[in-house]
S.K.: 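One structure follows; several queries about it will come next.
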Protein chains: 2
Amino acid sequence: MAQSDTVDRILDAAEELFADRGFSETSLRMITSKAKVNLAAVNYHFGSKNALIHAVFARFLTPFSATLENAFDDLEARCDGEPPTLNQTLWALTESAVRMPQRNEKGISIFMRLLGLAYTQSQGHLRKFLEQEYSQPFSRFMRLLKEATPQLSSVDRYWRIQFMLGATAFTMSSSDALRDILQNKLGVETTVQEIAARLVPFLAAGMQAEDAMLVPPSHKSSVA
Amino acid sequence: MAQSDTVDRILDAAEELFADRGFSETSLRMITSKAKVNLAAVNYHFGSKNALIHAVFARFLTPFSATLENAFDDLEARCDGEPPTLNQTLWALTESAVRMPQRNEKGISIFMRLLGLAYTQSQGHLRKFLEQEYSQPFSRFMRLLKEATPQLSSVDRYWRIQFMLGATAFTMSSSDALRDILQNKLGVETTVQEIAARLVPFLAAGMQAEDAMLVPPSHKSSVA
DNA sequence: TTGCCGGTCAAACGTATGTTTCAAACAGAC
DNA sequence: GTCTGTTTGAAACATACGTTTGACCGGCAA
């Protein structure tokens with residue numbers, strides 16, 4: 001028991017329920033009854049539902065951003081002077097995510113889904129919170145991407161980063177459902193690591209595609 | 001005025017509010033006050049909030065799926081016998097979307113965001129509705145994708161389709177905000193058509209990337 | 001005119017939400 | 001053991017939601 005076992009039980013329950021159903025669709029009563037704590041405990045320990053949402057993110061994101069900074073440090077040290085390649089940068093990110101110590105077997109996939117939801121559900125407070133708490137590793141990642149794709153114009157790079165973000169956030173945000181479908185249709189089991197391993201080459205290839213053509217092809221064409 | 005101007009006003013308001021804020025986060029009172037109709041009108045004309053959500057999708061999706069079927073017919077006719085290329089298939093889809101008659105200047109981007117939300121917010125009823133109403137054009141698109149990428153294993157293709165879907169839905173769903181950022185940061189104007197023109201090559205390149213490697217690269221590597 | 005009927009309206013219904021209250025239980029220090 | 005500050009507990013609070021109700025309006029057939 002010790003001090004406040006309650007806090008962690010709430011965070012665990014909230015994390016899972018948010019991932020399953022979204023933020024607005026999860027009530028404090030669901031959380032507290034799953035966590036087997038009193039309803040008032042959330043407001044007592046966190047202050048409000050929004051603050052609880054922030055705490056759920058912070059519990060994962062704070063150690064993660066530290067891990068990520070280290071991974072970037074290592075990467076830049078290894079490359080001494082030379083900017084890291086796109087592939088290296090993307091792998092540094094995904095490896096940091098995958099190697100985070102996991103609280104339970106669902107671990108990373110729950111959190112990926114939460115990150116996806118954070119972008120998708122338009123929860124203004126959450127975006128503000130994430131932006132002002134974790135802007136540093138984010139900017140650093142952006143800088144690395146820029147140095148790894150000097151051939152792209154700023155505008156092209158901007159949009160392609162959005163495409164990457166979208167493919168990632170979307171896939172991860174529904175990865176449980178997608179895994180289930182795959183399991184039923186093709187009888188294949190899939191781990192988050194495998195999804196990431198499939199995603200990175202997809203992203204890298206898209207990022208480095210031939211220059212975008214601004215008009216649809218005449219009528220007969222193919223890609224590289 | 002004529003018959004039921006009310007129905008369309010509700011649909012217009014609902015479409016915009018859903019796109020801005022999501023489904024659960026939009027109340028019937030917001031919708032009816034924006035549409036300047038009585039609160040009871042929604043339940044009178046549609047039966048329930050869920051049925052209203054379905055109606056919003058049906059208003060766009062029904063004509064769109066007809067347009068899309070025609071585009072696929074044309075494409076397959078032009079290719080007589082040969083399976084259309086990936087690029088051709090993707091262009092057929094985006095052109096059908098872009099060329100849909102638009103109700104207002106926001107038009108397509110609002111709807112893209114709604115489609116993204118439909119996948120992301122776990123609204124079971126919506127997925128069921130979409131699956132059983134529009135399964136035909138969807139399956140056809142999937143078949144074309146399969147024929148255009150015979151080199152991919154079923155599993156690879158499955159995941160890469162999810163990645164494409166994610167990049168598309170996510171980008172389009174926030175394209176207004178993204179356009180604004182771009183406008184402010186780089187002083188560049190962008191249309192939905194241009195975004196699509198940037199997106200298609202990205203997707204095609206990602207779809208046709210070298211086989212996914214299931215282990216991270218040793219430590220020095222680059223892409224093609 | 002009369003009678004109807006699709007549509008609108010204000011008001012209320014029942015339920016669920018986030019939050020607050022205040023008394024009781026608890027822990028550790030003196 | 002007693003006191004003190006922290007944590008829990010059951011209950012209530014105020015508000016917002018989706019939905020339902022029943023009165024009312026306007027046009028049109030009989």
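In the text below, chain A, chain B and the rest are named by the order of the sequence lines, each starting its count at 1.
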S.K.: What is the distance, rounded to the nearest whole Å, between atom CD1 of A/Ile31 and atom P of C/dG18?
M.R.: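 Those two atoms, CD1 and P, are 8 Å apart.
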S.K.: Over its full length, what angle do the end axes of the helix from C/dT1-D/dA30 to C/dC30-D/dG1 make, each axis taken from five pairs and the result rounded to 10 degrees?
M.R.: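 Terminal axis comparison yields 20°.
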S.K.: Taking the six-membered ring for Trp, are B/Phe129 and B/His54 parallel (under 30°), tilted (30 to 60°) or perpendicular (over 60°)?
M.R.: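 Taking B/His54 first and then B/Phe129, their aromatic rings lie parallel (interplane angle under 30°).
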S.K.: Would a 4.5 Å heavy-atom cut-off, applied to side chains only, mark B/Ile31 and B/Leu52 as touching?
M.R.: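 When only atoms from C-beta onward are counted, B/Leu52 and B/Ile31 do touch, with a gap below 4.5 Å.
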S.K.: Just call it for B/Thr32: base, sugar-phosphate, or nothing, with non-hydrogen atoms closer than 4.0 Å on any strand.
M.R.: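 Contact class for B/Thr32: none.
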S.K.: Assign each of A/Ser27 and B/Lys36 to its nearest nucleotide of DNA chain C by heavy atoms, then name whichever residue's nucleotide is nearer the 5' end.
M.R.: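 Its nucleotide being nearer the 5' end, the pick is B/Lys36.
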S.K.: Using the salt bridge (charged side-chain N to carboxylate O under 4.0 Å, His left out) rule, take A/Lys34 and A/Asp20 through it: C-alpha gap first, then chi angles, then the decisive distance, then the call.
M.R.: CA-CA 13 Å; A/Lys34 181 185 178 87; A/Asp20 276 359; over 6 Å; no
S.K.: Expressed as a whole number of angstroms, how long is the span from A/Leu28:CG to C/dT15:P?
M.R.: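 The distance from CG of A/Leu28 to P of C/dT15 comes to 21 Å, rounded to the nearest Å.
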S.K.: Which part of the nucleic acid, if any, lies within reach of A/Ala40 when heavy atoms closer than 4.0 Å are counted: base, sugar-phosphate only, or nothing?
M.R.: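 Base, at least one base atom sits under 4.0 Å.
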S.K.: side-chain contact (heavy atoms from CB on, under 4.5 Å) with B/Arg140: which of B/Arg143, B/Met142, B/Gln136?
M.R.: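 Answer after filtering B/Arg143, B/Met142, B/Gln136: B/Arg143.
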S.K.: Of all the choices, C/dT19, C/dA10, C/dG6, which nucleotide is nearest to the side chain of B/Tyr44 once you look at every atom?
M.R.: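 Closest of the options to the side chain of B/Tyr44: C/dG6.
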S.K.: OP1 or OP2 of D/dT8 versus the side-chain N and O atoms of A/Thr6: is any pair under 4.0 Å?
M.R.: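 Indeed, a polar side-chain atom of A/Thr6 lies that close.
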S.K.: What is the distance, rounded to the nearest whole Å, between atom NE2 of A/His45 and atom P of C/dG18?
M.R.: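 For the pair A/His45 NE2 and C/dG18 P, the rounded distance is 18 Å.
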S.K.: Where the side chain of A/Leu39 is concerned, which of D/dT19, D/dA11, C/dT17 is the nearest nucleotide?
M.R.: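 Between D/dT19, D/dA11, C/dT17, the one nearest the side chain of A/Leu39 would be D/dA11.
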S.K.: Taking the inter-plane angle between the rings of B/Phe57 and B/Phe23 on a 0 to 90° scale, is it parallel (under 30°), tilted (30 to 60°) or perpendicular (over 60°)?
M.R.: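 Tilted.
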S.K.: How many Å lie between CD1 on A/Ile10 and P on D/dG9, as a whole number?
M.R.: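 Atom CD1 in A/Ile10 sits about 11 Å away from atom P in D/dG9.
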S.K.: How many whole angstroms separate atom CG of A/Asn43 from atom P of D/dA11?
M.R.: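 Going from CG in A/Asn43 over to P in D/dA11 covers 18 Å.
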S.K.: Nearest-Å distance, CG (B/Asn38) to P (C/dT8)?
M.R.: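 Checked: the CG to P distance equals 9 Å.
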S.K.: Take B/Phe138 and B/Tyr134 through the test ring pair (Phe, Tyr, Trp, His ring centres under 6.0 Å) and record every step on the way to the result.
M.R.: CA-CA 7 Å; B/Phe138 183 75; B/Tyr134 303 101; over 10 Å; no
S.K.: Without decimals, in angstroms, what is the distance between A/Arg29 CZ and C/dA16 C1'?
M.R.: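 These atoms are roughly 7 Å apart.
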S.K.: Quick check: does any side chain N or O of A/Ser48 sit under 3.5 Å from a backbone N or O of A/Ala51, one acting as donor and the other as acceptor?
M.R.: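 Yes: the side chain of A/Ser48 pairs with the backbone of A/Ala51.
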S.K.: Roughly, in whole Å, what's the span from NZ in B/Lys49 to P in D/dG18?
M.R.: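 In whole Å, D/dG18 P and B/Lys49 NZ are 4 Å from each other.
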S.K.: B/Ser24 near the nucleic acid: base, sugar-phosphate alone, or nothing, with a heavy-atom cut-off under 4.0 Å?
M.R.: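 Nothing, no nucleic acid heavy atom in range.
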